[in-house]
Asker: 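This is the structure I have questions about; it appears just below.
Residue indices begin at 1 and follow the sequence shown.
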Amino acid sequence: MPNNHINPYYEVPMQAQIAGAPVMQGDIPVNPEAVKQSVGDSYVGERAKSVTENPLPQALLTLPIWLGLGKGMDWFAEKCRGPYNTTVEYKIGNFGDNLTKTIKNSPFGGFAQSMVNGTRKFGSWINRNIVEHVAVLRAFRDTPSKPTNKMVQGQANGMRGFLLFDYPHVAENFVKPLNYAQDLDCYGADKQFIDKIKAKMKGKPAAEKAKILRSAEFELVSKTKDPALIAKFEDLSTEAQLKVLQNRKARAFGFKNHKHMTELIKDIQSNPEEIIKACRKAEKNMYSKILVNDNNVVVNWVRKLFGKPPIVSESGNFYNQVKGYMLGRKVYASEFTNKLIGSSPNLNPHTTKLGSWLPKISNQLLEGATNGVTGGKLARLMQAVFLAEVVLKTAKAEKGDKGRTFAERFIELVGFFITMPIAIQLMHRVGGMQYAGMSKQAVENYRAALKTFNEKALNAGFASKNAYKAEKKALTAMKKANIKNPITGLLKWGAGVLTGGLETLGSYRTKAFNPKAGAGAKIGDFLRHPGHYMKNGGGSVLRFAAALFMLMPMLNKIGVKASHAIFGRPKHSTLDKEEDKPKEPETNQPPDAQTVQTPPAQPTQPPTPQPQAPNYVKPEIYPSRTNLINKIKHPELFANSAADSTADSKKKYQEPVRTYIPSPAAAQLQGENYDVLNEAMKRSEAAEKMALEALAMKV
């Protein structure tokens, strides 16, 4: 009895028998967690997820960590004041100098020097034999694009840039008018002088209080006790007094006057040496007092909008003291310049590479861990949140895994700050590829011509649109640099898209536009030139996304892997992906192809749909109708045809309703082996045949 047809009465689920069959709709439930896999695949995503996972414990840890960071970095600031050779910055650099000398005089010194020389020679060989022969690589090395946003400029310049970005706030806070008599100590006043001014101000109207306070400021910053000079100052108008105080205070902070200070601050990232000179000339006992007692910052800002004078008081209150402890800081000029010198390897006095770079690296590590080398205490609050997360993750780690977890999380935290300038610099080097084929001098000439062109366009200086187009065409040809290689041309175009809004051609205008104009004028200019603004804004968004979500995570992972190499990889690493984690068992999953045994090949048959059932049911074997023995055992099978038909219709198998989508693949049955049963049936049929032949002969 051949068995090469699929028995429709076998209740075997099709998908359970077909190895590698395509998954049908509805077979496997969608795992919604898999959709979230890429959300946290960045430093920012991981930090945000951590806060939502542990809001209360993280909040309880954040406050003491924040206070600890504040006091600790205040102590560090004190150690950075005074002459440079007495500061902690100098001690760190001096340690690097001494260590370098010790290594050079040791047996290891020769090997270390040979490694340094070898690295330099290899870099020279790369430049000479590869970079110099590829226009795009030369542009990448020599002519990076330049950011125009002051914050991005500071971030791109690393630790020195962050310090210089913070300095304008420090200097401007020093020259602004005071609101409290007790704040006169930032100009060198002692308690006795402050009490005398408080007594003068007591009970006076607000305008009279402000006048007394300005007179005291003049006396302190001018270092004069001459009553005639003080009286002459008091006879001036309020506007004149404020102008005199601005110049005197700027001079006390090391500048020639307030105008000189404003000019240097305007392009501060290009003037670190001038800022250092000014800080060295500043009065040693004077400092910028930020958010220590002035609790009327917002109120006075609102009053200024309505043309009202600021609120002036002889003293602060309890709220002032608490806020000053939590948020206030005191920045001395010597403290700032020493941090700036330490963070500028080309400006500090250390004699070795390690000694020159070690103070900068130390400041970077401290800033990455605390946000306290620059900026105020609110920035330290943000860092306290992240440090609380590091502590929580370390506490939750298994015994023996805590050290590795802390090292990894802390290095990732610090690495976010350290990789930021690297990512921005790398991005702008890619942007510099738009100048492929141009020399450094040609790029400088192009930038000068571009600046003139854009100023002319902004002031509506073109006689006609044709004149604008002609000059634009000349600048475009200058930038193209006669490059004919299509690949180089494509890279130049891509770099230009990345740097949209930085060094791009301005739009044609028939009406001059002042960038310092009000909101109405800016909205009107936007409506007249939407393409220009959208292009510039799109470039900013593209650069922000490229640095934050592509380059920084990529660079930060290098630091994390270095942590793994030194301290070992924790069981739950920040580099773990969703698919690496143990998965929950799921129902209705198709079996793995390796776990299904493939039966011997059968003759190819058209696929027959199989009824789906949750469990395998052993097939029912129907006895042969021609076997005489079966006639005795099963008389119901040998009834007349009508009865037989009726009986068959009653016993007919009722197939279940199919609720699945039939697969087009051929079924591969995995039922029981019936070879022995088939052989027995063949022998029974052969015996039956012989019996019938014998009976036929007798007849």
Asker: Determine whether N363 and S343 satisfy the following criterion, side chain to side chain donor-acceptor pair (under 3.5 Å), listing intermediate values before the conclusion.
Answerer: CA-CA 7 Å; N363 288 338; S343 300; 2.9 Å; yes
Asker: Let me see the working for L365 and I418 under side chain to side chain contact (heavy atoms under 4.5 Å, CB included), right down to the final yes or no.
Answerer: CA-CA 8 Å; L365 291 174; I418 294 176; 3.7 Å; yes
Asker: How about CE on M382, more than 12 heavy atoms from neighbouring residues, nucleotides or ligands closer than 6.0 Å, or not?
Answerer: yes
Asker: Kindly list each side-chain donor-acceptor pair under 3.5 angstrom involving residues 155-168, sequence neighbours excluded, with atom names and distances?
Answerer:
| unit_1 | atom_1 | unit_2 | atom_2 | d |
| --- | --- | --- | --- | --- |
| N157 | ND2 | Q153 | O | 3.3 |
| N157 | ND2 | Q269 | OE1 | 2.9 |
| D166 | OD1 | R329 | NH2 | 3.1 |
| D166 | OD2 | R329 | NH1 | 3.3 |

Asker: Write down the atom of A189, the atom of I194, and the distance for their closest heavy-atom approach.
Answerer: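 Here A189 and I194 meet closest at CB-CG1, 4.0 Å.
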Asker: What's the separation between atom SG in C186 and atom CG in N173, rounded to the nearest 0.5 Å?
Answerer: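 It is 8.0 Å, given to the nearest 0.5 Å.
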Asker: Closest heavy-atom contact between C279 and A333?
Answerer: CB-O, 3.6 Å
Asker: For M151, is the CE atom crowded, meaning more than 12 foreign heavy atoms sit under 6.0 Å from it?
Answerer: no
Asker: Would you mind listing every salt bridge (Lys or Arg N to Asp or Glu O under 4.0 Å) that reaches into residues 241-254, with sequence neighbours excluded?
Answerer: E217-K249
Asker: Look up atom CH2 in W357 and atom CG in N346, then write down how far apart they are to the nearest 0.5 Å.
Answerer: 8.5 Å
Asker: Less than 4.5 Å apart, any side-chain heavy atom of I411 and any of N556?
Answerer: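 In short, these two side chains do not touch, never coming nearer than 4.5 Å.
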Asker: Does the side chain to side chain contact (heavy atoms under 4.5 Å, CB included) test come out yes or no for T370 and F76, once each step is laid out?
Answerer: CA-CA 12 Å; T370 67; F76 178 78; over 6 Å; no
Asker: Hey, does V391 have a side-chain heavy atom less than 4.5 Å from the side chain of L387?
Answerer: no
Asker: Taking the side chain as C-beta and beyond, is there a heavy-atom pair between Y332 and N285 under 4.5 Å?
Answerer: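 No, their side chains stay 4.5 Å or more apart.
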Asker: Enumerate donor-acceptor pairs with a distance under 3.5 Å from any side-chain N or O in residues 105-114 to protein atoms, sequence neighbours excluded.
Answerer:
| unit_1 | atom_1 | unit_2 | atom_2 | d |
| --- | --- | --- | --- | --- |
| N105 | ND2 | K101 | O | 3.1 |
| S106 | OG | I103 | O | 2.6 |
| S106 | OG | F108 | N | 3.4 |
| Q113 | NE2 | N117 | OD1 | 3.2 |
| S114 | OG | G110 | O | 3.3 |
| S114 | OG | F111 | O | 2.5 |

Asker: Could you name each residue pair satisfying salt bridge (Lys or Arg N to Asp or Glu O under 4.0 Å) that touches residues 80-98, not counting sequence neighbours?
Answerer: R81-E335
Asker: Check whether any side-chain heavy atom of H169 lies under 4.5 Å from a side-chain heavy atom of I290, and answer yes or no.
Answerer: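 Sidechains of I290 and H169: in contact.
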Asker: Is the closest side-chain heavy-atom distance between P349 and I341 below 4.5 Å?
Answerer: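 Answer yes - side chains close enough.
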Asker: Take atom NZ in K104; do more than 12 heavy atoms of anything else shown fall under 6.0 Å from it?
Answerer: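 Incorrect, the count does not exceed 12.
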Asker: Run the numbers on H428 and S145 for side chain to side chain donor-acceptor pair (under 3.5 Å), then give the verdict.
Answerer: CA-CA 5 Å; H428 281 285; S145 58; 2.8 Å; yes
Asker: Evaluate the criterion side chain to side chain contact (heavy atoms under 4.5 Å, CB included) for residue pair T100 and K353; output intermediate values, then yes/no.
Answerer: CA-CA 8 Å; T100 301; K353 282 281 186 182; over 6 Å; no
Asker: Before we go on, tell me: are the rings of F174 and Y187 under 6.0 Å apart, centre to centre?
Answerer: yes
Asker: For A388 and T62, work out which heavy atoms get closest and say how close.
Answerer: CB-OG1, 3.7 Å
Asker: Quick one: do F410 and T394 satisfy side chain to side chain contact (heavy atoms under 4.5 Å, CB included)? Show the steps, please.
Answerer: CA-CA 10 Å; F410 185 76; T394 303; over 6 Å; no
Asker: Once rounded to the nearest 0.5 Å, what's the spacing between atom CZ of F95 and atom OG1 of T102?
Answerer: 9.0 Å
Asker: Determine whether more than 12 heavy atoms belonging to other residues, nucleotides or ligands lie under 6.0 Å from atom NZ of K402.
Answerer: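 Yes.
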Asker: Answer yes or no: is there an ion pair linking D74 with K377, defined by an N-O contact shorter than 4.0 Å?
Answerer: yes
Asker: Using every non-hydrogen atom in the two residues, find where S356 and N348 come nearest and quote the distance to one decimal.
Answerer: O-ND2, 3.0 Å
Asker: Rounded to the nearest 0.5 Å, how far does CG of L220 lie from CZ of F193?
Answerer: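 F193 atom CZ to L220 atom CG measures 4.0 Å (nearest 0.5 Å).
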Asker: Taking the side chain as every heavy atom from C-beta outward, state whether L548 and F416 have any atom pair closer than 4.5 Å.
Answerer: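 Yes, at least one pair of side-chain atoms sits under 4.5 Å.
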Asker: With the threshold set at 4.0 Å, does a side-chain nitrogen-carboxylate oxygen contact exist between D185 and K289?
Answerer: yes
Asker: Salt bridge (Lys or Arg N to Asp or Glu O under 4.0 Å): which pairs involve residues 360-370, sequence neighbours left out?
Answerer: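 Counting only pairs at least two positions apart or across chains, no salt bridge (Lys or Arg N to Asp or Glu O under 4.0 Å) contact touches residues 360-370.
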Asker: Whether E389 and R409 form a salt bridge (side-chain N of Lys/Arg under 4.0 Å from carboxylate O of Asp/Glu) is what I want to check.
Answerer: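 Salt bridge present between R409 and E389.
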Asker: Consider only side-chain N and O atoms of E408 and S573, and report whether a donor and an acceptor are under 3.5 Å apart.
Answerer: yes
Asker: Do V175 and H258 come close enough that some side-chain heavy atom pair is under 4.5 Å?
Answerer: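 They are in contact (side-chain heavy atoms under 4.5 Å apart), so the answer is yes.
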Asker: According to salt bridge (Lys or Arg N to Asp or Glu O under 4.0 Å), does anything in residues 259-268 pair up with another residue at least two apart or in another chain? List the pairs.
Answerer: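 Not a single pair qualifies under salt bridge (Lys or Arg N to Asp or Glu O under 4.0 Å).
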Asker: Is there a side-chain contact between H572 and T405, using heavy atoms and a 4.5 Å cut-off?
Answerer: no
Asker: Which pair of heavy atoms, one from L392 and one from P57, lies closest together, and at what distance?
Answerer: CD2-CB, 3.9 Å
Asker: As an exercise, state the distance from CG of L358 to CG of L99, rounded to the nearest 0.5 Å.
Answerer: 8.5 Å
Asker: To the nearest 0.5 Å, what is the distance between CZ on F253 and NZ on K281?
Answerer: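 Reported value, rounded in 0.5 Å steps: 14.5 Å.
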Asker: Donor-acceptor pair, N247 side chain versus N257 backbone, under 3.5 Å?
Answerer: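 Here the side-chain-to-backbone pair does not exist.
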Asker: Do you know which two heavy atoms are closest between A181 and I197, and how far apart they sit?
Answerer: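 Looking at all heavy atoms of both residues, the shortest contact is CB-CG2, 4.1 Å.
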